[in-house]
Amino acid sequence: MTVRVRFAPSPTGYLHIGSARTALFNYLYARNVGGKFLLRIEDTDLARSTEESTRSILDGLKWLELDHDEEIVFQSDNADKHRAAALKLLAEGKAYRDFTPRAEPGGQNVKEGIAERARANQGVRNMRDNEYRELDPDDSDARAAAGEPFAIRLKVPLDGITVFEDKVYGLQERNYDDTEDLVLLRSDGHPLYNLAVVCDDIEMGITDVIRGQDHLTNAHKQILIYNSLGVEPPNFAHLPLILAPNKGKLSKRKHGEVVSMTTYRDAGFLAAAFRNFLALLGWSAGEEKEIYSLEELVEKFSFEGIHRSNAVFNFKENDPRHWTDDKAQWMNAEYIRTMPLEELLPFVKAELKSAKLWREEYEPEGRALSETIASTSDVGPDERPAAMAIDLPEHGSHDWFVHTVDLIRQRFFTLKDFSRQGRAYFSEDYDFDPAAVEKNLSKFPDLRSWLPELADRFEAMGSFMEPEIESVVKAFAEEKATKLGIIMNGARTLLTGVAVGPSMLAVFETIGQERSIRRLRSRMAWNSGV
RNA sequence: GACCGGUUCGUCUAGGGGUCUAGGACACCGCCCUUUCACGGCGGCAACACGGGUUCAAAUCCCGUACCGGUUACCA
């Protein structure tokens, strides 16, 4: 039998980080065993479900590249089937009509109300002591026919236990006594979650249900429904939860955008990096390795590697440097710095495009992309031999673009850095970081005249490549009896607007002779300073 | 309250009775490299929740306690 799993989010918000991981694990398992990964939108709570949310969830999945098989199922389309199932159970005496008037929906905090009531009922109430449970079927029919509203509840057997072997949590047993006669159909005819899930999973032929641990007790209720319906329950695998730094629930209300998948997409994260991070939250291949490609994750995925304890998603709300989990940030930087250049290029292109920094000249002309890369980036920027310099691409060309991306990515964390910190490489219109101006320019007033003077030296140069640049700048620093670093850092600030970056010689060379000269002479940074 | 689950460095984790003076990663802190730096290299700090057993031997097995989480809806 081929494995069929599903990811079944309810569209009441964007794709939450925990849901994203659930989707990932479903996907990994399906691909690992050659099964199908299906998608179902659980939109039966009309009041809370929105189309926008559905779109956002789909966007998130698409971004993570978790492609689903077959058509998306919308649970609301199946309401009639759910009702029919409830009616069938009613007809078979496996469910009953509850004529108890619907209770007033509690105050603001539903959960607290539930806990409160549970405490109050402590030891008194049998979970199945409903007065209508054993109502004579004829009476029941008569009252229903008279138009009296009723809910349909499952008639949970008196004695026995539900048992299943959870693929993560192991053997799970629960006394029927601990499960109430759950409502299948609301008095307004609306099918409820547990019924809908079971019916849909049966209809979709789901063999393995992989979802958050918050559904562990639902599994028992659902098994009861499967039993009543006479259908063999699927396998269950529950995943540990992802918690907030205070070990509480991670929610949009409390934690805001950090939990949304779109935040990461918009912040310049690579899907591959984020997937990698997500996979390691609650799962381990049992080896000392952190970086896994999707293919490796698929290959190594197993339920044995999944934890039983919840994981904390660590971040500091008011600290920009740690706005999200440090490891996620590191992972993304690691990908940007080390992934094959040809895979990174399209992302940089998209980023530059959206920042209006992309130029058609960066487009490869005729040459295959890989060919270009081989000629410019096999050698790391730091140990590029002199011979390479001969081929140094001209600014504005595709080769230059490739060369530049490879040079500047070494200190970048997100795709956004290419259009922000790296803006000066692609545009004449860039800002100066006040801290950099303060640190590298304002402190050394002499640079105000020295840097334009250095520009004059550059202008006199024939070839503008690292070795020549180096001797010119060194001679200049000696002449001015100052430290080379002062000149270099001042120039860096003028040329790039920021205080950090690759080797300054490489920066000069990459920015190019003409632009370097112009920028060294510019007064803009000085005027922007304090 | 009841039922269910969990508890190894700040965080993610390795660990399935001896190889554990508990390993890796991130973060943090030093040092080195360097013209600077958020790259890189080297190093440091830092954990088996607690109490009882079982055993020659326990982070690993059993029991209890504490704490944390989930569920307990005519929500999903």
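Residue numbers start from 1 in every chain, and the chains themselves are labelled A, B, ... in the order their sequence lines are given, proteins ahead of strands.
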Report summary line: Applying the 3.5 Å cut-off to both distances, the Watson-Crick or G-U partner of B:G43 turns out to be B:C29
Report summary line: By nearest-nucleotide position on RNA chain B, the 5'-leaning member of A:N310 and A:K289 is A:K289
Query raised in the report: Between atom CZ in A:F313 and atom C1' in B:G69, what is the gap in whole Å?
Result: 19 Å
Report task. Describe the nucleic acid contact of A:R308 in one word from base, sugar-phosphate, nothing, applying a heavy-atom distance below 4.0 Å. Result -> sugar-phosphate
Requested in this report: Whole angstrom is fine here: how far is it from CZ in A:F413 over to C1' in B:C37?
Outcome: 11 Å
Requested in this report: Go through the N and O atoms of the side chain of A:S187 and the base of B:C74, and report whether any donor-acceptor pair is under 3.5 Å.
Outcome: yes
Report task. In plain terms, say whether A:R6 and A:D201 are close enough for a salt bridge, that is, a side-chain N and a carboxylate O under 4.0 Å apart. Result -> yes
Requested in this report: Answer with base, sugar-phosphate or nothing: what part of the nucleic acid does A:P149 contact at a heavy-atom distance below 4.0 Å?
Outcome: nothing
Query raised in the report: Out of B:G5, B:G69, B:C39, which has the shortest distance to the side chain of A:Q410?
Result: B:C39
Requested in this report: Decide yes or no, distance alone: a donor-acceptor N/O pair under 3.5 angstrom between the base of B:C4 and the side-chain of A:R174.
Outcome: no
Query - P spacing across the pair B:G1 / B:G16, given as an integer number of angstrom - result: 37 Å
Query raised in the report: Would you say the base of B:U34 and the side-chain of A:S503 have a donor-acceptor pair closer than 3.5 Å?
Result: no
Query raised in the report: So what does A:L184 hit on the nucleic acid, given a heavy-atom distance under 4.0 Å: a base, only sugar-phosphate, or nothing?
Result: nothing
Requested in this report: Answer yes when A:R321 and A:D319 have at least one side-chain N-carboxylate O distance shorter than 4.0 Å, and no when they do not.
Outcome: no
Query raised in the report: Taking the same atom, P, in B:G30 and in B:A38, what whole-Å distance lies between them?
Result: 11 Å
Query raised in the report: Which is true for A:Y169 with a 4.0 Å heavy-atom rule: it touches a base, it touches only sugar-phosphate, or it touches nothing?
Result: sugar-phosphate
Report task. Tell me which nucleotide among B:A76, B:U71, B:G24 gets nearest to the side chain of A:E42. Result -> B:A76
**Report entry** Options B:A76, B:U35, B:G40, nucleotide nearest the side-chain atoms of A:E334
**Finding:** B:G40
Query raised in the report: Expressed in angstrom and rounded to an integer, what is the separation of A:Q213 atom CD from B:U71 atom C1'?
Result: 9 Å
Query raised in the report: Parallel, tilted or perpendicular: which fits the ring planes of A:W283 and A:F301, with parallel below 30° and perpendicular above 60°?
Result: parallel
Report task. With C1' as the reference atom in both, quote the distance from B:G53 to B:G15 in angstrom, rounded to an integer. Result -> 23 Å
Query raised in the report: Whom does B:U65 pair with, Watson-Crick or G-U wobble, provided both distances fall under 3.5 Å?
Result: B:A49
Report task. Before accepting this row, confirm whether a basic side-chain N of the pair A:E148/A:R97 lies closer than 4.0 Å to the acidic partner's carboxylate O. Result -> no
Report summary line: Testing B:C74, B:A25, B:A27 for proximity to the side chain of A:K327, the answer is B:A25
Report summary line: Closest to the 5' end of RNA chain B, once A:K474 and A:D326 are matched to their nearest nucleotides, is A:D326
Query raised in the report: Which nucleotide in the list B:C75, B:U36, B:A38 gets nearest to the side chain of A:D45?
Result: B:C75
Requested in this report: Indicate, with a heavy-atom threshold strictly under 4.0 Å, whether A:Q421 touches base, sugar-phosphate, or nothing.
Outcome: base
Query raised in the report: Under 6.0 Å between ring centres, would you say that holds for A:F236 and A:H215?
Result: no
Report task. Please work out if A:G282 contacts a base, only the sugar-phosphate, or nothing of the nucleic acid, heavy-atom cut-off 4.0 Å. Result -> sugar-phosphate
Query - Touch class at under 4.0 angstrom, heavy-atom based, for A:S49 against every strand present - result: nothing
Report task. Give the intermediate values and the outcome of side chain to side chain donor-acceptor pair (under 3.5 Å) for residues A:D98 and A:N130. Result -> CA-CA 8 Å; A:D98 180 0; A:N130 193 301; 2.9 Å; yes
Query raised in the report: Which nucleotide in the set B:C39, B:C68, B:A27 lies at the smallest distance from any side-chain heavy atom of A:K247?
Result: B:C68
Query - Nearest-Å distance once atom C1' is located in both B:A47 and B:U8 - result: 6 Å
Report summary line: pair_partner(B:G18), Watson-Crick or wobble, both distances < 3.5 Å, evaluates to B:C56
Query raised in the report: Hey, does A:Q329 reach any base, or is it just sugar-phosphate, or nothing, if we go heavy atoms under 4.0 Å?
Result: nothing
Query - Euclidean distance, atom CZ of residue A:R321 to atom P of B:A27 [Å, nearest integer] - result: 8 Å
Query - Salt bridge A:K474-A:E478, side-chain N to carboxylate O under 4.0 Å - result: no
Report task. Choose from B:U35, B:G70, B:C74 the nucleotide whose nearest atom is closest to any side-chain atom of A:L241. Result -> B:G70
Query raised in the report: For A:L239 and B:G5, what is the distance between atoms CG and C1' respectively, to the nearest whole Å?
Result: 14 Å
Report task. Would you mind classifying the nucleic acid contact of A:A311 as base, sugar-phosphate or nothing, using non-hydrogen atoms under 4.0 angstrom? Result -> sugar-phosphate
Query - B:C45 versus B:U34 - spacing of their C1' atoms, nearest Å - result: 27 Å
Report task. Decide if the gap between the ring center of A:H307 and the ring center of A:Y169 is smaller than 6.0 angstrom. Result -> no
Query raised in the report: What does A:N218 touch in the nucleic acid at a heavy-atom separation under 4.0 angstrom: a base, only the sugar-phosphate, or nothing?
Result: base
Query raised in the report: Can you tell me if the side-chain N/O atoms of A:R48 get under 4.0 Å from OP1 or OP2 in B:C75?
Result: no
Query raised in the report: Which value, in whole Å, describes the distance between the C1' atoms of nucleotides B:U60 and B:A14?
Result: 13 Å
Query raised in the report: Which whole-number value in Å describes the distance from A:E173 CD to B:C3 C1'?
Result: 13 Å
Report summary line: For B:U34, the nucleotide meeting Watson-Crick or G-U wobble distances (both under 3.5 Å) is none
Query raised in the report: Do A:F464 and A:F458 have ring centres separated by under 6.0 Å?
Result: yes
Query raised in the report: Between atom CG in A:D188 and atom P in B:C75, what is the gap in whole Å?
Result: 8 Å
Report task. Pick the C1' atom in B:G40 and in B:G5, then give their distance to the nearest Å. Result -> 44 Å
Query raised in the report: Do A:R492 and B:C37 share a donor-acceptor pair, side chain to base, under 3.5 Å?
Result: no
Query raised in the report: Looking at B:C28, B:A76, B:C12, which one has an atom nearest to any side-chain atom of A:N194?
Result: B:A76
Report task. Indicate whether OP1 or OP2 belonging to B:A73 is found under 4.0 Å from a side-chain N or O atom of A:R153. Result -> no
Query raised in the report: Looking for any heavy atom pair under 4.0 Å, which part of the strands does A:H220 touch: base, sugar-phosphate only, or nothing?
Result: nothing
Query raised in the report: What nucleotide among B:U35, B:A2, B:A76 has an atom nearest to a side-chain atom of A:D178?
Result: B:A2
Query raised in the report: With rounding to whole Å, what would you report as the distance between B:U55 and B:A46 at their C1' atoms?
Result: 31 Å
Query raised in the report: Which nucleotide in the set B:U11, B:U72, B:A76 lies at the smallest distance from any side-chain heavy atom of A:N314?
Result: B:U11
Query raised in the report: Hey, does the Lys NZ or Arg CZ of A:R337 hover above the aromatic six-ring of A:F413, less than 6.0 Å from the centre and inside 45° of the axis?
Result: yes
Query - Nucleotide opposite B:G1 in a Watson-Crick or G-U pair, distances under 3.5 Å - result: B:U72
Requested in this report: Respond yes when some side-chain nitrogen or oxygen of A:T217 is under 4.0 Å from OP1 or OP2 of B:G70, and no when none is.
Outcome: no
Query - Atom pair distance, as rounded to whole Å: NE2 in A:H215 and P in B:C75 - result: 16 Å
